[in-house]
Amino acid sequence: MAAARKFPGADAFLPQRRTLPSLREAAETCRGCELYIHATKTVFGEGTSQARVVFVGEQPGDQEDRAGRPFVGPAGGIFDRALAEVGISRSDSYVTNAVKHFSFEPRGKARLHKRPRPGEVRACAPWLKAELAAVRPDVLVLLGATAAQSIFGPRFLVSRERGKPLASPLAPLVIATIHPSAVLRSPDEASRQEAFASLVEDLKIVATHLRTNAAVE
Ligand code: URA
Ligand code: SF4
């Protein structure tokens with residue numbers, strides 16, 4: 001009980017007026033779960049409310065935590081390459097994470113990525129929901145298990161559902177795929193190429209949807 005009161009979840013920090021700028025500002029002082037304690041800063045989503053596609057990652061990494069911006073480190077490099085390959089511009093996208101503070105394990109001077117706990121993902125979900133309500137995208141892309149489970153619950157399996165349109169009121173097209181860092185974690189060059197190609201395949205569905213539905217804008 002005491003722990004629940006100490007870390008009440010993000011809901012307690014959401015502002016009345018929920019525009020992207022007011023949400024971003026409020027998130028800077030979020031203490032909804034314990035992750036804010038050791039992280040450098042909140043890494044809120046980046047992009048405009050006009051974005052037609054929202055990409056959701058897991059959580060900031062070491063570089064994102066320092067820069068205060070999502071997907072600017074090694075996983076961001078893979079993400080950018082995959083977007084370029086399918087012709088989606090990052091500046092037309094809103095890019096965010098399921099969890100807004102960096103969760104890590106100190107190892108000497110390094111800070112090793114630590115998967116956020118389900119309770120932390122749940123605690124942070126109100127920010128993501130508010131971002132989605134503010135942007136109301138045509139396409140929502142969930143990059144990896146944490147993002148997908150934040151929306152669809154802990155039993156959701158990316159391996160089974162990836163690349164398929166998912167039913168959700170959050171956007172006309174909702175799709176899950178692997179996280180760009182899965183490409184980096186692949187054990188050898190051949191499997192890295194295969195993982196990257198599979199990410200690109202899934203993103204082609206997104207690019208096609210955006211092109212096909214461009215006329216309604
Ligand atoms: N991985 C993520 O999920 N998000 C980032 O912003 C960076 C790495
Ligand atoms: Fe708030 Fe999310 Fe940071 Fe936890 S991770 S303190 S819920 S912004």
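Indexing begins at 1, ligand by ligand and atom by atom, following the structure's order. The first residue in the sequence is number 1, and the count goes up from there.
Looking only at heavy atoms of the protein, atom 4 (N) of ligand 1 is closest to N97 OD1, 2.7 Å. Protein heavy atom at the shortest distance from atom 2 (Fe) of ligand 2 is C124 SG, 2.3 Å. Here the protein heavy atom with the shortest distance to atom 4 (Fe) of ligand 2 is C33 SG, 2.3 Å.
At a 3.5 angstrom cut-off on N or O pairs, F71 counts as close to ligand 1.
A donor atom on one side chain and an acceptor atom on the other are not found under 3.5 Å apart for R24 and T19. Checking H113 against E105 by side-chain atom types alone, no donor-acceptor pair falls below 3.5 Å. Using modelled atom types, one finds no donor on one side chain facing an acceptor on the other under 3.5 Å when comparing T42 with E28. Checking E131 against Y94 by side-chain atom types alone, a donor-acceptor pair falls below 3.5 Å. Between S181 and R185, the side chains place a donor N or O and an acceptor N or O closer than 3.5 Å (distance only, hydrogens not considered).
Ring-centre distance between F55 and F71: not below the 6.0 Å cut-off.
Per-residue contacts place H179 under 4.0 angstrom from the following atoms of ligand 1 (heavy atoms of the residue considered): 1 (N), 2 (C), 3 (O). Interface atoms of ligand 2 facing A123, defined by a heavy-atom separation under 4.0 Å, are 7 (S). Close contacts of ligand 1 with G57, meaning ligand atoms under 4.0 Å from a residue heavy atom, involve 3 (O). Contact atoms of ligand 1 toward P70: 6 (O) (distance under 4.0 Å to a heavy atom of the residue).
Ligand 2 lies less than 4.0 angstrom from a heavy atom belonging to V99.
Of all N/O/S atoms in H101, ND1 sits nearest atom 3 (Fe) of ligand 2.
Residues W127 and F13 share a closest heavy-atom pair of CH2-O, 3.6 Å.
Counting heavy atoms under 4.0 Å from ligand 2, residue F7 does not touch it at all. The proximity of Q59 to ligand 1, defined as any non-hydrogen pair under 4.0 Å, is limited to the backbone.
We find that E201 and R162 are not joined by a salt bridge, their nearest charged nitrogen and carboxylate oxygen being 4.0 Å or further apart. The existence of a salt bridge linking D188 and R192 is excluded, since no basic side-chain nitrogen approaches an acidic carboxylate oxygen closer than 4.0 Å.
Coordination check, C30 versus atom 3 (Fe) of ligand 2: failed, since every N/O/S atom of the residue sits at 2.8 Å or beyond.
Considering E64, E58, Q63 only, the shortest heavy-atom separation from atom 7 (C) of ligand 1 involves E64.
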